[in-house]
Student: 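Take a look at the following structure, please.
Only heavy atoms go into these numbers, but all of them, side chains included; no hydrogens, no water, no symmetry mates. Letters A, B, ... are given to chains in the order of the sequence lines, protein chains preceding strands, and every chain is numbered from 1.
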Protein chains: 2
Amino acid sequence: MLTQERRDLMVAYINEKNAVTVADLMKEFDASAATVRRDLSVLHDERRILKVFGGATSISSLDVNTKEPSVTAKASLNVEEKDKISKYAASLINDDDFVYIDSGTTTLEMIKYIENTRAKYITNGIVHAKKLLEKGLDTMIIGGKCKPTTEAIIGPDCVEGIRRYHFTKAFMGTNGISVDAGFTTPDVDEARVKREAVGHSYISYILADHSKFGQISSVTFAEISSCCIITDKEVNKNYSSKTIIKVVS
Amino acid sequence: MLTQERRDLMVAYINEKNAVTVADLMKEFDASAATVRRDLSVLHDERRILKVFGGATSISSLDVNTKEPSVTAKASLNVEEKDKISKYAASLINDDDFVYIDSGTTTLEMIKYIENTRAKYITNGIVHAKKLLEKGLDTMIIGGKCKPTTEAIIGPDCVEGIRRYHFTKAFMGTNGISVDAGFTTPDVDEARVKREAVGHSYISYILADHSKFGQISSVTFAEISSCCIITDKEVNKNYSSKTIIKVVS
DNA sequence: TATTTTATGATCGTTTATATTCGCTTTGTG
DNA sequence: CACAAAGCGAATATAAACGATCATAAAATA
């Protein structure tokens with residue numbers, strides 16, 4: 001059997017079983033322990049499996065949730081709500097709109113549902129730009145420094161880049177919403193970019209599920225009354241007096 | 001049996017079996033090991049199969065991303081040569097370099113081999129930026145309009161964006177190299193971006209396998225003497241008098 | 001027919017994959 | 001905590017596979 005063939009089959013085998021020992025693989029593929037370990041090391045380097053002590057596990061079972069490792073179980077439950085929010089946000093885009101799409105997972109979700117091909121789109125998310133292009137949309141990207149973790153574009157060049165445009169609609173993500181602190185995010189540089197984007201948009205929409213209400217991160221990027229919040233549940237009447245909230249059923 | 005006929009049948013055979021050894025093919029097609037290997041090398045360069053140690057595997061089984069399905073059998077892609085060129089180019093990057101990486105497949109290959117984490121990188125390729133980030137490198141992206149097919153960033157904003165930087169090294173792709181026409185590419189907008197990048201770099205390297213020599217596309221983006229060519233084979237002595245050529249063994 | 005181009009098979013030094021062995025580290029259990 | 005068992009990476013030797021080269025044969029071209 002070919003080396004490559006054995007490794008390909010090994011990946012399939014591990015994915016099927018989800019977790020296997022070195023001994024299992026030795027029997028299954030009739031190879032020595034050294035060979036199996038070598039294979040696992042290679043496949044691990046290729047990111048095709050996860051090599052662990054004693055054997056290997058499928059990578060796919062974990063990879064789904066690794067996007068935001070610090071997020072607690074509480075937040076990850078709101079998948080369905082986020083989906084509805086994204087869908088509604090996408091439906092707001094009209095012909096000839098000049099749309100800014102903020103980096104972040106919520107806005108990324110939104111791109112799936114965008115249907116309007118007559119609008120123009122601009123984003124500071126690398127993955128966002130790629131997704132927009134794949135949908136055949138008229139896409140632009142803001143230049144600047146790339147942030148490793150979130151694959152967002154930030155920095156002074158980015159801020160300056162935004163400054164020359166005037167969007168009709170901006171779709172933003174946030175980490176916290178509070179009446180006093182407004183919309184907040186943990187990263188200073190990201191906050192600057194967000195602030196500039198909101199400032200250069202005719203209307204700004206914040207996409208946030210109900211868990212974001214009452215949360216405050218380190219840096220404010222917009223006042224509570226400057227944006228329209230799209231959410232799934234209005235948790236507190238305090239907010240309605242300050243800003244417009246669209247509750248998605 | 002015709003050589004071409006044998007190779008066509010070989011592809012079908014490999015696709016059916018998904019993975020075969022050289023010995024298998026020798027028996028099946030009654031040819032020597034040398035001939036089988038030669039065939040496999042050709043078919044690999046043509047991206048019709050995957051040549052691996054000991055034999056070959058079907059390409060469809062693994063490579064989900066069939067980026068260029070329209071490539072005809074005749075268009076040899078010179079995989080091996082491109083690989084060597086990319087590797088050498090990557091080795092040229094030093095500490096504190098400010099490196100521009102042009103969009104395109106050849107330069108994308110190059111990123112795999114980049115090891116210097118002390119240099120700064122800037123690119124107009126969306127996928128390039130993503131790959132650079134994944135390697136943990138200090139990455140920037142140029143802003144502007146996104147071109148759907150190549151996922152490159154182009155347009156006046158992009159040109160203006162480049163204008164404010166001064167690179168120590170630029171790594172460029174090209175479609176054609178000619179003594180008279182210089183370096184050429186089919187797209188006008190892409191040519192403008194390339195021209196600007198070369199103009200703002202202390203040294204510019206052109207990554208091109210030997211098949212690019214003598215080719216001329218619609219738009220010139222640099223004179224023949226303005227860049228250093230990194231290639232695998234110097235086809236014509238005419239070039240050496242005009243520019244510096246590094247031939248990779 | 002003479003010459004060039006292309007395909008093929010044999011040889012040879014080099015590279016790659018493998019199994020085995022040997023210390024060292026991790027894990028689990030008393 | 002201590003100790004045994006299992007797992008691990010590194011080093012090594014061996015066999016298979018490889019690419020490069022060369023000479024020959026077939027096909028195309030002039």
Side-chain angles (χ1 to χ4, degrees), chain A residues 1-11 13-14 17 19-46 48-58, chain B residues 1-11 13-14 17-58 62 73-88 112-113 209-211 214 231-236 247-249:
Chain A
M1 185 186 291
L2 297 168
T3 306
Q4 195 58 49
E5 184 186 8
R6 170 162 38 74
R7 289 182 183 158
D8 291 344
L9 291 171
M10 217 173 257
V11 173
Y13 185 77
I14 293 167
K17 297 260 181 182
V20 292
T21 64
V22 171
D24 281 344
L25 294 168
M26 283 171 69
K27 210 189 297 174
E28 184 71 18
F29 294 98
D30 193 31
S32 75
T35 300
V36 169
R37 292 216 178 83
R38 231 188 327 256
D39 287 346
L40 293 182
S41 294
V42 170
L43 294 172
H44 178 87
D45 284 351
E46 289 174 356
R48 297 173 67 187
I49 58 140
L50 214 65
K51 188 165 172 285
V52 296
F53 197 92
T57 66
S58 150
Chain B
M1 186 188 293
L2 295 168
T3 305
Q4 197 54 52
E5 184 188 4
R6 184 185 59 244
R7 289 183 183 159
D8 291 343
L9 289 171
M10 217 173 256
V11 173
Y13 184 74
I14 293 166
K17 297 260 182 182
N18 244 331
V20 293
T21 64
V22 171
D24 281 345
L25 294 168
M26 283 170 69
K27 211 189 294 173
E28 184 70 18
F29 294 97
D30 193 31
S32 73
T35 300
V36 170
R37 291 212 180 87
R38 245 188 307 263
D39 287 346
L40 293 182
S41 293
V42 171
L43 295 173
H44 178 86
D45 278 356
E46 289 174 358
R47 297 274 166 101
R48 299 172 69 188
I49 58 142
L50 215 64
K51 186 167 174 285
V52 297
F53 196 91
T57 66
S58 147
L62 249 172
K74 278 223 173 178
S76 173
L77 293 173
N78 308 108
V79 177
E80 291 280 334
E81 286 84 351
K82 277 188 176 174
D83 218 51
K84 277 182 190 163
I85 293 167
S86 308
K87 211 166 190 170
Y88 177 77
K112 275 202 302 209
Y113 299 111
D209 63 78
H210 62 270
S211 71
T231 187
D232 56 320
K233 211 188 292 179
E234 194 178 352
V235 277
N236 194 320
V247 181
V248 183
S249 56

Student: In this structure, how many angstroms lie between the C1' atom of C:dA17 and the CE atom of A:Met10, rounded?
Tutor: 13 Å

Student: Using whole Å, what does the distance between atom C1' of nucleotide D:dA28 and atom CD of B:Gln4 come to?
Tutor: 17 Å

Student: Classify B:Val52 by what it touches in the nucleic acid, base, sugar-phosphate, or nothing, heavy-atom distance under 4.0 Å.
Tutor: sugar-phosphate

Student: Nearest heavy atom decides the nucleotide; on that basis, is B:Gly54 or A:Arg37 closer to the 5' end of DNA chain D?
Tutor: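 Result: A:Arg37.
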
Student: Determine whether a donor-acceptor pair (N or O, by modelled atom type, separation under 3.5 Å) exists between the side chain of A:Ser41 and the backbone of A:Arg37.
Tutor: yes

Student: Please round to the nearest 0.5 Å and tell me the distance separating atom NZ of B:Lys17 and atom CG of B:Leu25.
Tutor: 10.0 Å

Student: Return yes when atom CG of A:Asp45 has more than 12 non-hydrogen atoms of other residues, nucleotides or ligands closer than 6.0 Å, and no otherwise.
Tutor: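 Result for CG/A:Asp45: enclosed.
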
Student: If I take atom CE in residue B:Met26 and atom P in nucleotide D:dA16, what distance separates them, rounded to the nearest angstrom?
Tutor: 14 Å

Student: When rounded to the nearest 0.5 angstrom, what distance separates CD1 in B:Ile14 from CG in B:Asp39?
Tutor: 9.0 Å

Student: Using only atom types and a distance under 3.5 Å, with no angle test, would you say the side chain of B:His44 pairs donor to acceptor with the backbone of B:Leu50?
Tutor: no

Student: Atom CZ of B:Phe53 and atom P of C:dA17: how far apart are they, to the nearest Å?
Tutor: 6 Å

Student: Taking 4.0 Å as the cut-off, does a side-chain nitrogen or oxygen of A:Lys51 come that near to OP1 or OP2 on D:dG7?
Tutor: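 No, because none of the side-chain N or O atoms of A:Lys51 sits under 4.0 Å from OP1 or OP2 of D:dG7.
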
Student: I'd like a table of atom pairs between the protein and nucleotides 7-14 of chain C - only N or O on both sides, under 3.5 Å - with the distance next to each one.
Tutor:
residue, atom, partner, partner atom, Å
C:dA7, O3', B:Thr3, OG1, 3.1
C:dT8, OP1, B:Thr3, OG1, 3.4
C:dT8, OP1, B:Arg6, NH1, 2.6
C:dT8, OP1, B:Arg6, NH2, 3.1
C:dT8, OP2, B:Arg6, NH2, 2.8
C:dG9, OP2, B:Ser32, N, 3.2
C:dG9, OP2, B:Ser32, OG, 3.0
C:dG9, OP2, B:Thr35, OG1, 2.5
C:dG9, N7, B:Arg38, NH2, 3.0

Student: Grab the two heavy atoms, one from B:Ala56 and one from B:Ile49, that are nearest each other, plus how far apart they are.
Tutor: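 Result for this residue pair: CB-CD1, 3.7 Å.
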
